[in-house]
Amino acid sequence: MKRRQFVKNGVISSAFVSTGGLTLSSCSGQKKHLTILHTNDVHSHIDAFPQDYADFPGLGGLARRAALVHKIREENPNTLLLDAGDIFQGTPYFNFYGGELEFKLMSKLKYDAATIGNHDFDNGIDGLLAQLPYASFDFLIANYDFSNTVMDGFTRPYNTYTKDGIKVGVYGLGIKLAGLVTQKLYNETQYLDPYEIATDMETRLKETEKCDLIICLSHLGYSYENENRRDDLTLGKRTKHTDLIIGGHTHTFLERPTIVTNANGRDIR
Ligand SMILES: [Zn+2]
C-alpha cells in the first residue's frame with residue numbers, strides 16, 4: 001500500500017436529507033441539508049506535497065484543508081467532519097512528535113470523530129494513549145475491545161450528533177490487527193468481527209437511539225478478493241440500517257460514492 005497516495009483534496013460528500021424519506025425530530029416539513037466532510041489515511045501529511053511531487057504537486061496539507069473546511073462550514077453550518085483512520089505515520093512530523101501535531105491540528109479543525117487505523121498503533125498502544133490529551137474529538141471504534149489495555153475507557157463504539165434536528169449516528173470499525181501489526185504494539189486489544197458488530201451498532205442506533213442517518217467510519221478497506229477478509233463493499237451488502245460507509249486503509253480513490261444494495265434491498269453509499 002502506498003501511504004504517500006493519500007487524500008487528494010479531502011473527499012466531500014453531501015447528504016441531502018429530506019423529511020420525505022426520514023422521520024426527523026423537528027418535523028418542520030422543510031428539506032434539510034447536512035454536509036459530511038471526511039478524510040482517511042492522512043498519514044501525518046501536515047504540509048502540502050512538494051511542487052515537484054509526481055502525483056499531486058503542491059496539493060493537500062492541513063492549511064488548505066482548514067481553509068476548505070472553514071469555507072464549507074460558512075456555507076452550511078450543519079457539517080460533520082470525520083476521519084476514517086491512519087492519522088499517524090508517513091512524515092517526520094510523526095517520527096518527531098509522535099502524533100501530537102496531527103491531533104492538535106485536527107482538534108483545531110473541529111473534527112467531530114475519527115476511527116482508529118492500524119498505523120495509529122505504530123508507536124504502540126501507549127504511544128496512542130499518550131497523544132489522546134491533544135485530541136478534542138471522539139475516537140469511535142466498536143470492534144476493538146480495549147478492556148485489558150491502557151486504552152480502556154478512552155474510546156466509544158459510537159456517538160450521535162444532531163445537526164439542524166437531524167440525528168446522525170456514527171460508529172467505528174477497525175481492521176484485524178493480527179498479521180498486520182506486531183502484537184506487542186496493540187497488546188491485549190481484542191478484535192471482534194466487524195460484520196457482527198456492525199449489525200449490533202446499527203440496530204442500536206436505529207432502534208434505541210432513533211437516528212435519522214447512520215454512518216459507519218471504517219478502516220477495514222474497500223474490497224478484497226479473499227472472502228475471509230472483511231471489507232466495506234461486503235459490509236454494505238450485509239447491513240440493514242447503515243446509510244453511508246466512510247472507509248479507509250486501501251487508499252481507494254473514488255470519483256463518486258459506490259452504491260451497493262444492502263440486506264434490506266435499499267441502495268446505500
Ligand atoms: Zn490502514
Side-chain angles (χ1 to χ4, degrees), residues 1-8 10-11 38-46 49 55-56 60 62 65 82-95 98-99 101-103 106 111 113-129 131-132 135 137-146 149 151 155 157 170-187 189-195 197-198 215-226 228-236 244-254 258:
M1 193 187 330
K2 282 189 281 178
R3 74 165 78 101
R4 288 181 308 163
Q5 201 184 44
F6 86 123
V7 197
K8 202 183 338 182
V11 184
H38 53 97
T39 49
N40 60 279
D41 300 271
V42 177
H43 283 298
S44 304
H45 282 78
I46 308 294
F49 283 116
D55 292 339
F56 316 110
L62 249 298
R65 198 194 313 165
L82 306 168
D83 186 275
D86 276 6
I87 296 164
F88 290 175
Q89 190 69 273
T91 72
Y93 286 116
F94 177 69
N95 305 78
L101 191 58
E102 290 84 330
F103 283 178
M106 287 174 74
Y111 268 79
T115 193
I116 297 176
N118 50 299
H119 280 291
D120 300 320
F121 291 96
D122 280 6
N123 274 350
I125 197 162
D126 296 293
L128 176 57
L129 177 75
Q131 306 307 331
L132 291 185
F137 48 90
D138 296 327
F139 284 94
L140 306 178
I141 182 99
N143 70 321
Y144 288 170
D145 178 355
F146 287 123
T149 76
M151 283 288 286
T155 62
V170 185
Y171 65 96
L173 293 177
I175 194 167
K176 187 175 183 178
L177 296 169
L180 188 64
V181 179
T182 317
Q183 208 222 324
K184 70 176 175 24
L185 295 178
Y186 63 87
N187 285 351
T189 306
Q190 298 297 316
Y191 164 86
L192 309 171
D193 186 89
Y195 295 160
I197 296 293
I215 299 174
C216 173
L217 263 187
S218 155
H219 199 79
L220 298 177
Y222 182 69
S223 178
Y224 304 110
E225 283 183 16
N226 181 345
N228 294 322
R229 297 187 69 181
R230 303 316 200 205
D231 64 42
D232 292 341
L233 285 189
T234 312
L235 176 73
L244 174 67
I245 299 170
I246 294 172
H249 188 63
T250 46
H251 301 200
T252 311
F253 283 85
L254 299 174
T258 307

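Counting convention: from 1, in listed order, for ligands and their atoms alike. As the structure is a computational prediction, the values presented were derived from the model and not from experiment. When reading the values below, keep in mind they use all heavy atoms of this one structure, side chains included, and skip hydrogens, waters and symmetry mates.
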Can you tell me how the ring of Phe121 sits relative to the ring of Phe146, calling it parallel under 30°, perpendicular over 60° and tilted otherwise? tilted
As a test of reading the structure, name the N/O/S atom of His249 that is nearest the Zn ion (ligand 1).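 Nearest N/O/S atom: ND1.
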What N/O/S atom of Asp86 is the closest to the Zn ion (ligand 1)?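 Within Asp86, restricted to N, O or S, the Zn ion (ligand 1) is closest to atom OD2.
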Is the centre of the Phe103 ring less than 6.0 Å from the centre of the Phe88 ring?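 Yes, they do, as the ring centres are separated by less than 6.0 Å.
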Below 6.0 angstrom between ring centroids: does that apply to Tyr222 and Tyr224?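 They do not qualify: ring centres at least 6.0 Å apart.
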Is the distance from the Zn ion (ligand 1) to the nearest N/O/S atom of His119 under 2.8 Å?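 Checking the Zn ion (ligand 1) against His119, no N, O or S atom falls under 2.8 Å.
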Under 2.8 Å from the Zn ion (ligand 1), can any N, O or S atom of Asn118 be found? yes
Tested for side chain to side chain donor-acceptor pair (under 3.5 Å) against His249, the lone hit among Asn118, Asp231, Asn40 is Asn118
